[in-house]
Amino acid sequence: MSTPDTRLTFRYLSEPDTIAAGVTDMGLCVDVMEETLRLVDVGDYRMGGPDGNSHGSMVTFPAESTHDGMPLDGPHRRMMAMPAYLGGTFQTAGCKWYGSNMSNRENGLPRSILMLTLSDKDTGAPLAHMSANLLSAYRTGAVPGVGARHLANPDARSVGIVAPGVMNRTTLEAFVAVRPELDTLKVAGRSRSSIDSFVDWVRREYPQFTAVTVVDSVEDAVRDSDLVTIAPTTPAGSANYVRIEKRWLKPGALVSLPADIMIDDELLRGARHVADFRGLYEAWSEEVPHPAHEHIGLHGMYLLDRIRSGDVSDEVLENLPAIMSGEAEGRGSEDEIFLYSVGGMPVEDVAWGTVVYRRAVAEGIGTELLLWDTPALA
(Lines give C-alpha, C1' and ligand atoms only; values in the text may rest on other atoms or scores of the structure.)
Protein backbone atom coordinates (compact mmCIF):
# COMPACT_ATOMS: atom_id res chain seq x y z
CA MET A 1 0.00 0.00 0.00
CA SER A 2 1.41 3.38 -0.99
CA THR A 3 1.86 6.08 1.62
CA PRO A 4 -0.55 9.00 1.06
CA ASP A 5 0.99 12.36 0.16
CA THR A 6 0.12 14.65 3.06
CA ARG A 7 2.30 17.60 2.04
CA LEU A 8 0.27 20.81 1.79
CA THR A 9 1.28 24.14 0.36
CA PHE A 10 -0.66 27.29 -0.45
CA ARG A 11 0.03 30.36 -2.56
CA TYR A 12 0.55 33.76 -0.96
CA LEU A 13 -0.39 36.71 -3.16
CA SER A 14 0.64 40.21 -2.13
CA GLU A 15 -1.24 43.20 -3.53
CA PRO A 16 1.33 43.60 -6.35
CA ASP A 17 0.94 39.88 -7.06
CA THR A 18 -2.83 40.24 -7.41
CA ILE A 19 -2.34 43.15 -9.82
CA ALA A 20 0.01 41.02 -11.92
CA ALA A 21 -2.62 38.26 -11.87
CA GLY A 22 -5.32 40.57 -13.24
CA VAL A 23 -7.31 41.74 -10.22
CA THR A 24 -7.91 45.11 -11.94
CA ASP A 25 -9.29 43.59 -15.16
CA MET A 26 -12.72 45.19 -14.80
CA GLY A 27 -14.23 43.87 -18.01
CA LEU A 28 -13.55 40.30 -16.92
CA CYS A 29 -14.66 41.06 -13.36
CA VAL A 30 -18.07 42.24 -14.58
CA ASP A 31 -18.47 38.99 -16.51
CA VAL A 32 -17.44 36.97 -13.45
CA MET A 33 -19.92 38.84 -11.23
CA GLU A 34 -22.70 38.18 -13.74
CA GLU A 35 -21.83 34.48 -13.69
CA THR A 36 -21.82 34.61 -9.88
CA LEU A 37 -25.28 36.17 -9.70
CA ARG A 38 -26.60 33.53 -12.10
CA LEU A 39 -25.24 30.78 -9.83
CA VAL A 40 -26.78 32.48 -6.80
CA ASP A 41 -30.10 32.64 -8.63
CA VAL A 42 -30.16 28.86 -9.10
CA GLY A 43 -28.91 28.16 -5.57
CA ASP A 44 -25.42 26.81 -6.37
CA TYR A 45 -23.75 28.59 -3.45
CA ARG A 46 -23.62 28.83 0.33
CA MET A 47 -22.86 31.72 2.66
CA GLY A 48 -23.05 31.95 6.44
CA GLY A 49 -26.15 31.92 8.62
CA PRO A 50 -28.97 29.39 8.96
CA ASP A 51 -30.30 30.09 5.45
CA GLY A 52 -26.88 30.35 3.80
CA ASN A 53 -27.40 34.03 2.88
CA SER A 54 -25.60 35.93 5.64
CA HIS A 55 -23.12 38.69 4.84
CA GLY A 56 -20.86 37.34 7.58
CA SER A 57 -20.06 37.48 11.28
CA MET A 58 -19.10 40.84 12.75
CA VAL A 59 -17.16 41.83 15.86
CA THR A 60 -17.98 45.28 17.21
CA PHE A 61 -16.57 47.12 20.22
CA PRO A 62 -18.07 48.96 23.20
CA ALA A 63 -18.08 52.72 23.66
CA GLU A 64 -16.27 52.24 27.00
CA SER A 65 -14.38 49.32 28.54
CA THR A 66 -12.77 48.48 31.88
CA HIS A 67 -10.34 46.14 30.09
CA ASP A 68 -6.94 47.54 29.17
CA GLY A 69 -6.22 47.31 25.48
CA MET A 70 -9.76 46.56 24.28
CA PRO A 71 -10.58 48.56 21.14
CA LEU A 72 -13.38 51.08 21.55
CA ASP A 73 -16.23 51.91 19.21
CA GLY A 74 -15.69 54.49 16.49
CA PRO A 75 -16.79 55.30 12.94
CA HIS A 76 -16.88 52.06 10.93
CA ARG A 77 -14.93 50.29 13.72
CA ARG A 78 -15.39 46.56 13.33
CA MET A 79 -13.84 43.26 12.33
CA MET A 80 -15.62 40.76 10.17
CA ALA A 81 -15.39 37.29 8.66
CA MET A 82 -17.28 36.64 5.39
CA PRO A 83 -17.33 32.92 4.41
CA ALA A 84 -18.83 31.39 1.28
CA TYR A 85 -18.83 28.49 -1.15
CA LEU A 86 -19.54 28.93 -4.88
CA GLY A 87 -20.24 26.15 -7.36
CA GLY A 88 -20.43 26.30 -11.14
CA THR A 89 -17.00 26.69 -12.72
CA PHE A 90 -15.54 27.92 -9.41
CA GLN A 91 -15.98 24.98 -7.01
CA THR A 92 -14.12 26.72 -4.20
CA ALA A 93 -14.76 27.96 -0.69
CA GLY A 94 -13.22 30.94 1.03
CA CYS A 95 -13.41 33.58 3.69
CA LYS A 96 -12.65 37.28 3.51
CA TRP A 97 -11.44 38.78 6.79
CA TYR A 98 -11.18 42.45 7.45
CA GLY A 99 -10.66 45.06 10.10
CA SER A 100 -12.20 48.50 9.60
CA ASN A 101 -11.33 51.73 11.40
CA MET A 102 -11.89 55.21 9.97
CA SER A 103 -8.86 56.56 11.86
CA ASN A 104 -6.61 54.36 9.68
CA ARG A 105 -6.72 57.17 7.14
CA GLU A 106 -4.86 59.45 9.54
CA ASN A 107 -1.91 57.07 9.15
CA GLY A 108 -2.06 56.78 5.36
CA LEU A 109 -3.90 53.44 5.42
CA PRO A 110 -7.25 52.52 3.89
CA ARG A 111 -10.24 52.46 6.22
CA SER A 112 -10.47 48.66 5.83
CA ILE A 113 -7.61 46.17 5.44
CA LEU A 114 -8.71 42.89 3.90
CA MET A 115 -7.37 39.40 3.24
CA LEU A 116 -8.97 36.44 1.46
CA THR A 117 -8.25 32.78 2.14
CA LEU A 118 -9.37 30.33 -0.55
CA SER A 119 -9.84 26.70 0.45
CA ASP A 120 -10.33 23.33 -1.18
CA LYS A 121 -14.08 22.70 -1.01
CA ASP A 122 -13.66 19.10 0.17
CA THR A 123 -10.65 19.01 2.51
CA GLY A 124 -10.76 22.62 3.67
CA ALA A 125 -7.03 22.88 2.97
CA PRO A 126 -5.86 26.38 2.01
CA LEU A 127 -5.26 27.06 -1.68
CA ALA A 128 -4.29 30.71 -1.36
CA HIS A 129 -4.00 33.58 1.08
CA MET A 130 -4.14 36.90 -0.71
CA SER A 131 -4.37 40.64 -0.33
CA ALA A 132 -8.03 41.52 -0.86
CA ASN A 133 -8.41 45.31 -0.85
CA LEU A 134 -8.26 45.56 -4.63
CA LEU A 135 -10.10 42.29 -5.06
CA SER A 136 -12.97 43.57 -2.90
CA ALA A 137 -13.01 46.99 -4.55
CA TYR A 138 -13.20 45.54 -8.05
CA ARG A 139 -15.87 42.96 -7.33
CA THR A 140 -17.89 45.68 -5.55
CA GLY A 141 -17.66 48.00 -8.55
CA ALA A 142 -18.36 45.21 -11.01
CA VAL A 143 -21.81 44.45 -9.56
CA PRO A 144 -23.12 47.93 -10.52
CA GLY A 145 -21.65 47.16 -13.94
CA VAL A 146 -23.87 44.08 -14.17
CA GLY A 147 -26.82 46.27 -13.24
CA ALA A 148 -25.91 48.82 -15.91
CA ARG A 149 -25.64 46.04 -18.51
CA HIS A 150 -29.19 44.83 -17.82
CA LEU A 151 -31.08 47.88 -16.54
CA ALA A 152 -29.62 51.05 -18.10
CA ASN A 153 -31.09 52.72 -21.16
CA PRO A 154 -29.17 51.63 -24.29
CA ASP A 155 -28.44 55.25 -25.22
CA ALA A 156 -27.06 56.25 -21.79
CA ARG A 157 -24.28 58.83 -22.10
CA SER A 158 -23.99 60.66 -18.78
CA VAL A 159 -22.92 59.66 -15.27
CA GLY A 160 -23.49 61.40 -11.94
CA ILE A 161 -21.03 60.57 -9.15
CA VAL A 162 -21.80 61.28 -5.49
CA ALA A 163 -18.77 60.62 -3.27
CA PRO A 164 -15.66 60.28 -5.48
CA GLY A 165 -13.90 57.58 -3.49
CA VAL A 166 -12.59 54.10 -4.18
CA MET A 167 -16.04 52.54 -4.52
CA ASN A 168 -17.10 55.00 -7.18
CA ARG A 169 -13.81 54.69 -9.05
CA THR A 170 -14.38 51.01 -9.61
CA THR A 171 -18.08 51.57 -10.29
CA LEU A 172 -17.20 54.08 -13.01
CA GLU A 173 -14.71 51.58 -14.46
CA ALA A 174 -17.51 49.01 -14.60
CA PHE A 175 -19.96 51.45 -16.17
CA VAL A 176 -17.40 52.20 -18.89
CA ALA A 177 -16.72 48.49 -19.41
CA VAL A 178 -20.38 47.81 -20.25
CA ARG A 179 -21.29 51.25 -21.70
CA PRO A 180 -18.18 52.44 -23.57
CA GLU A 181 -20.13 55.28 -25.24
CA LEU A 182 -20.39 57.24 -21.95
CA ASP A 183 -18.95 60.73 -22.41
CA THR A 184 -20.36 63.12 -19.76
CA LEU A 185 -19.56 63.15 -16.04
CA LYS A 186 -20.66 65.19 -13.03
CA VAL A 187 -18.97 64.81 -9.65
CA ALA A 188 -20.13 65.91 -6.19
CA GLY A 189 -18.14 65.29 -3.01
CA ARG A 190 -17.28 66.61 0.44
CA SER A 191 -13.53 67.02 0.05
CA ARG A 192 -11.95 69.18 -2.63
CA SER A 193 -8.82 67.04 -2.59
CA SER A 194 -10.79 63.83 -3.23
CA ILE A 195 -12.77 65.53 -6.00
CA ASP A 196 -9.61 66.83 -7.68
CA SER A 197 -7.92 63.43 -7.39
CA PHE A 198 -10.95 61.71 -8.92
CA VAL A 199 -11.24 64.19 -11.79
CA ASP A 200 -7.51 63.93 -12.55
CA TRP A 201 -7.82 60.14 -12.62
CA VAL A 202 -10.82 60.27 -14.98
CA ARG A 203 -9.09 62.64 -17.37
CA ARG A 204 -5.98 60.48 -17.38
CA GLU A 205 -7.62 57.07 -17.65
CA TYR A 206 -10.86 57.84 -19.52
CA PRO A 207 -10.39 60.69 -22.00
CA GLN A 208 -13.69 59.63 -23.59
CA PHE A 209 -15.33 61.82 -20.90
CA THR A 210 -15.14 65.04 -22.87
CA ALA A 211 -17.38 66.88 -20.39
CA VAL A 212 -16.34 66.60 -16.73
CA THR A 213 -18.01 68.98 -14.29
CA VAL A 214 -17.62 69.40 -10.55
CA VAL A 215 -20.99 70.27 -8.97
CA ASP A 216 -21.97 71.54 -5.54
CA SER A 217 -24.69 69.15 -4.44
CA VAL A 218 -26.16 65.68 -4.65
CA GLU A 219 -29.09 67.14 -6.56
CA ASP A 220 -26.80 68.69 -9.17
CA ALA A 221 -24.98 65.38 -9.68
CA VAL A 222 -28.23 63.45 -10.05
CA ARG A 223 -30.11 65.81 -12.38
CA ASP A 224 -29.96 64.90 -16.09
CA SER A 225 -27.70 61.89 -15.46
CA ASP A 226 -28.49 58.60 -17.19
CA LEU A 227 -26.44 56.61 -14.68
CA VAL A 228 -25.95 57.66 -11.07
CA THR A 229 -23.84 56.09 -8.36
CA ILE A 230 -24.05 57.24 -4.75
CA ALA A 231 -21.49 55.82 -2.31
CA PRO A 232 -20.70 58.07 0.68
CA THR A 233 -19.49 56.81 4.03
CA THR A 234 -22.01 57.85 6.70
CA PRO A 235 -22.78 57.02 10.34
CA ALA A 236 -25.67 54.67 11.03
CA GLY A 237 -29.13 56.19 11.25
CA SER A 238 -31.36 57.43 8.45
CA ALA A 239 -30.94 61.06 9.54
CA ASN A 240 -27.31 60.77 8.36
CA TYR A 241 -27.96 59.11 5.00
CA VAL A 242 -27.82 60.92 1.67
CA ARG A 243 -31.36 61.69 0.49
CA ILE A 244 -32.56 61.77 -3.10
CA GLU A 245 -35.91 62.87 -4.53
CA LYS A 246 -37.81 61.70 -7.59
CA ARG A 247 -38.07 65.21 -9.07
CA TRP A 248 -34.28 65.27 -9.39
CA LEU A 249 -34.08 62.12 -11.51
CA LYS A 250 -34.03 62.05 -15.27
CA PRO A 251 -36.71 59.77 -16.77
CA GLY A 252 -35.08 56.42 -17.49
CA ALA A 253 -32.22 56.89 -15.01
CA LEU A 254 -30.50 53.98 -13.30
CA VAL A 255 -29.31 54.84 -9.80
CA SER A 256 -26.75 52.46 -8.29
CA LEU A 257 -26.80 52.47 -4.49
CA PRO A 258 -23.90 50.59 -2.87
CA ALA A 259 -24.07 52.74 0.28
CA ASP A 260 -26.52 54.26 2.75
CA ILE A 261 -29.46 56.11 1.21
CA MET A 262 -32.85 57.66 1.93
CA ILE A 263 -35.52 58.42 -0.69
CA ASP A 264 -38.73 60.42 -0.75
CA ASP A 265 -42.12 58.75 -0.88
CA GLU A 266 -42.70 59.80 -4.49
CA LEU A 267 -39.59 57.90 -5.52
CA LEU A 268 -40.62 54.90 -3.46
CA ARG A 269 -43.80 54.65 -5.50
CA GLY A 270 -42.48 56.04 -8.78
CA ALA A 271 -39.51 53.78 -9.54
CA ARG A 272 -38.60 50.13 -9.84
CA HIS A 273 -36.48 48.80 -7.01
CA VAL A 274 -34.00 46.01 -7.77
CA ALA A 275 -31.60 44.20 -5.44
CA ASP A 276 -28.39 42.53 -6.56
CA PHE A 277 -29.69 39.54 -4.58
CA ARG A 278 -32.74 39.88 -2.38
CA GLY A 279 -31.87 36.95 -0.12
CA LEU A 280 -28.89 38.85 1.30
CA TYR A 281 -31.10 41.67 2.57
CA GLU A 282 -33.65 39.26 3.98
CA ALA A 283 -30.89 37.57 6.00
CA TRP A 284 -29.62 40.95 7.23
CA SER A 285 -33.16 41.94 8.19
CA GLU A 286 -33.34 38.94 10.52
CA GLU A 287 -29.97 39.72 12.11
CA VAL A 288 -30.46 43.34 13.24
CA PRO A 289 -33.14 45.15 15.25
CA HIS A 290 -36.03 46.79 13.43
CA PRO A 291 -36.31 49.10 11.66
CA ALA A 292 -33.34 47.45 9.99
CA HIS A 293 -32.60 50.43 7.74
CA GLU A 294 -31.53 52.41 10.81
CA HIS A 295 -28.67 49.93 11.30
CA ILE A 296 -27.84 48.98 7.70
CA GLY A 297 -28.59 51.90 5.42
CA LEU A 298 -28.74 50.07 2.10
CA HIS A 299 -31.74 50.61 -0.12
CA GLY A 300 -32.78 46.97 0.05
CA MET A 301 -33.12 47.27 3.82
CA TYR A 302 -35.34 50.33 3.46
CA LEU A 303 -37.62 48.44 1.07
CA LEU A 304 -37.88 45.43 3.37
CA ASP A 305 -38.81 47.73 6.28
CA ARG A 306 -41.58 49.29 4.19
CA ILE A 307 -42.75 45.84 3.08
CA ARG A 308 -42.72 44.64 6.68
CA SER A 309 -44.83 47.62 7.79
CA GLY A 310 -47.35 47.01 4.98
CA ASP A 311 -46.63 50.31 3.21
CA VAL A 312 -45.80 48.57 -0.07
CA SER A 313 -46.28 45.09 -1.46
CA ASP A 314 -43.67 42.36 -1.30
CA GLU A 315 -43.23 42.47 -5.08
CA VAL A 316 -41.80 46.00 -4.93
CA LEU A 317 -38.28 44.69 -4.17
CA GLU A 318 -37.20 42.86 -7.31
CA ASN A 319 -34.24 40.55 -7.83
CA LEU A 320 -31.64 41.28 -10.53
CA PRO A 321 -30.80 37.59 -11.17
CA ALA A 322 -34.47 36.98 -12.03
CA ILE A 323 -34.35 39.82 -14.56
CA MET A 324 -31.10 38.46 -15.99
CA SER A 325 -32.60 34.99 -16.45
CA GLY A 326 -35.78 36.30 -18.06
CA GLU A 327 -37.92 35.04 -15.19
CA ALA A 328 -38.85 38.68 -14.46
CA GLU A 329 -39.35 41.53 -16.90
CA GLY A 330 -36.47 43.90 -17.56
CA ARG A 331 -36.72 47.52 -18.60
CA GLY A 332 -40.18 48.14 -20.00
CA SER A 333 -39.77 51.67 -21.31
CA GLU A 334 -37.21 54.42 -21.86
CA ASP A 335 -38.70 56.41 -18.96
CA GLU A 336 -38.61 53.74 -16.24
CA ILE A 337 -36.42 54.74 -13.30
CA PHE A 338 -34.47 51.99 -11.53
CA LEU A 339 -33.01 52.15 -8.04
CA TYR A 340 -30.44 49.36 -7.73
CA SER A 341 -29.36 48.20 -4.26
CA VAL A 342 -25.82 46.78 -4.14
CA GLY A 343 -25.02 44.94 -0.92
CA GLY A 344 -21.92 42.89 -1.66
CA MET A 345 -21.73 39.17 -0.92
CA PRO A 346 -18.93 36.83 0.18
CA VAL A 347 -19.57 34.64 -2.87
CA GLU A 348 -18.35 37.55 -5.01
CA ASP A 349 -15.00 37.58 -3.18
CA VAL A 350 -14.68 33.83 -3.64
CA ALA A 351 -15.52 34.12 -7.35
CA TRP A 352 -13.07 36.89 -8.19
CA GLY A 353 -10.44 35.50 -5.84
CA THR A 354 -10.65 32.12 -7.58
CA VAL A 355 -10.15 33.69 -11.01
CA VAL A 356 -7.16 35.72 -9.78
CA TYR A 357 -5.68 32.69 -7.99
CA ARG A 358 -5.97 30.42 -11.02
CA ARG A 359 -4.31 33.00 -13.24
CA ALA A 360 -1.53 33.37 -10.65
CA VAL A 361 -0.95 29.61 -10.69
CA ALA A 362 -0.95 29.49 -14.49
CA GLU A 363 1.55 32.35 -14.74
CA GLY A 364 3.73 31.44 -11.76
CA ILE A 365 2.83 34.56 -9.76
CA GLY A 366 3.10 34.65 -5.96
CA THR A 367 4.96 32.67 -3.33
CA GLU A 368 4.38 29.02 -2.56
CA LEU A 369 4.36 28.49 1.23
CA LEU A 370 4.53 25.24 3.15
CA LEU A 371 1.74 24.38 5.58
CA TRP A 372 3.28 21.02 6.50
CA ASP A 373 4.96 17.97 5.04
CA THR A 374 3.12 15.72 7.46
CA PRO A 375 0.58 17.04 10.00
CA ALA A 376 1.69 16.79 13.61
CA LEU A 377 -1.86 15.77 14.54
CA ALA A 378 -3.95 13.63 12.19
Side-chain angles (χ1 to χ4, degrees), residues 14-30 33 76 102 104-114 131-149 152 156-218 220-234 242 254-259 342 344 352 356:
S14 67
E15 183 169 271
D17 290 335
T18 64
I19 294 171
V23 75
T24 60
D25 184 344
M26 182 54 86
L28 178 59
C29 191
V30 172
M33 290 305 103
H76 290 266
M102 190 70 80
N104 283 351
R105 291 175 175 170
E106 299 169 9
N107 299 311
L109 295 172
R111 185 195 79 197
S112 299
I113 299 174
L114 306 96
S131 172
N133 277 60
L134 285 173
L135 184 145
S136 187
Y138 273 78
R139 67 82 161 159
T140 300
V143 175
V146 179
R149 176 178 280 166
R157 295 290 185 275
S158 58
V159 181
I161 298 281
V162 177
V166 170
M167 193 178 296
N168 271 339
R169 281 199 184 199
T170 56
T171 296
L172 186 61
E173 287 190 57
F175 283 172
V176 171
V178 301
R179 302 286 179 173
E181 63 279 2
L182 294 169
D183 59 15
T184 301
L185 182 68
K186 291 189 290 182
V187 183
R190 298 171 183 156
S191 162
R192 189 70 212 193
S193 62
S194 66
I195 292 171
D196 289 344
S197 175
F198 190 90
V199 169
D200 288 346
W201 169 76
V202 170
R203 287 178 170 150
R204 183 176 64 252
E205 299 295 331
Y206 296 104
Q208 71 193 67
F209 285 99
T210 53
V212 179
T213 307
V214 175
V215 296
D216 294 329
S217 67
V218 174
D220 290 338
V222 168
R223 281 194 180 274
D224 299 320
S225 295
D226 298 309
L227 301 176
V228 177
T229 174
I230 301 175
T233 300
T234 59
V242 169
L254 167 64
V255 185
S256 179
L257 300 169
V342 178
W352 194 225
V356 171

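Numbering starts at 1 and runs along the sequence shown.
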| query | After noting the C-alpha distance and the side-chain angles of Ser193 and Asp196, does the key distance pass the side chain to side chain donor-acceptor pair (under 3.5 Å) rule? | reply | CA-CA 5 Å; Ser193 62; Asp196 289 344; over 6 Å; no
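- No side-chain heavy atom of Val199 sits less than 4.5 Å from a side-chain heavy atom of Val202.
- Between the CE atom of Met26 and the CZ atom of Arg139 there is a distance of 11.5 Å, given to the nearest 0.5 Å.
- At least one donor-acceptor pair closer than 3.5 Å links the side chain of Ser158 to the backbone N or O of Asp224.
- Here the shortest heavy-atom pairing between Asn133 and Ser112 reads ND2-O, 2.8 Å.
- Side-chain contact between Met102 and Thr233 is present, with heavy atoms from C-beta onward closer than 4.5 Å.
- A distance of 5.5 Å separates CD1 in Ile230 from CG in Leu257, rounded to the nearest 0.5 Å.
- Among residues at least two apart or in separate chains, there is no side chain to side chain donor-acceptor pair (under 3.5 Å) pair with a member in residues 174-184.
- Closest heavy-atom contact between Ala174 and Gly145: CB-CA, 3.7 Å.
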request  = Assess whether side chain to side chain contact (heavy atoms under 4.5 Å, CB included) is satisfied between Thr229 and Val162, documenting all intermediate values.
outcome  = CA-CA 6 Å; Thr229 174; Val162 177; over 6 Å; no
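- When only modelled atom types and interatomic distance are considered, Ser217 and Asp220 share a side-chain donor-acceptor pair under 3.5 Å.
- Across all their heavy atoms, Gln208 and Pro180 have their closest contact at NE2-O, 3.0 Å.
- Using modelled atom types and a 3.5 Å distance limit, the side chains of Arg157 and Ser225 yield no donor-acceptor pair.
- Side chain of Asp226 to main chain of Ala156: no donor-acceptor pair is present (N/O by atom type, distance under 3.5 Å, no hydrogens or angles).
- Expressed to the nearest 0.5 Å, how far CH2 of Trp352 lies from CG of Leu134 amounts to 11.5 Å.
- Taking CG of Asp25 as the start and CD1 of Ile19 as the end, the distance is 13.0 Å to the nearest 0.5 Å.
- Interatomic distance, CD1 of Ile161 versus CE of Met167, reported as 12.0 Å (0.5 Å rounding).
- Taking every heavy atom of both residues into account, Gly27 and Ala177 meet most closely at CA-CB, 4.2 Å.
- Using a distance-only test at 3.5 Å, with no hydrogens or angles considered, no donor-acceptor pair links the side chain of Ser256 to the main chain of Pro144.
- Side chains of Asn104 and Arg111 form no contact here, defined as non-hydrogen atoms less than 4.5 Å apart.
- The nearest pair of heavy atoms linking Leu254 to Ala148 is CD2-CA, 3.6 Å.
- Thr18 contributes a side-chain N or O that, together with a main-chain N or O of Glu15, makes up a donor-acceptor pair within less than 3.5 Å.
- In this structure, Val178 and Val30 approach most closely via the heavy-atom pair CG1-CG1, 3.8 Å.
- A ring-ring contact (aromatic ring centres under 6.0 Å, His included) check over residues 183-204, counting only residues at least two apart or in different chains, returns the pairs Phe198-Trp201, Trp201-Tyr206.
- No side-chain donor from either of Ser197 and Asp200 sits under 3.5 Å from a side-chain acceptor of the other.
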Val159 vs Lys186, test: side chain to side chain contact (heavy atoms under 4.5 Å, CB included). Steps then yes/no. CA-CA 6 Å; Val159 181; Lys186 291 189 290 182; over 6 Å; no
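- Atom CG of Asp216 has 12 or fewer neighbouring heavy atoms from other residues, nucleotides or ligands inside a 6.0 Å radius.
- Side-chain contact between Ser14 and Ser131 is absent, with no heavy atoms from C-beta onward closer than 4.5 Å.
- Between the CG atom in Leu185 and the CZ atom in Phe209 there is a gap of 5.5 Å [rounded to 0.5 Å].
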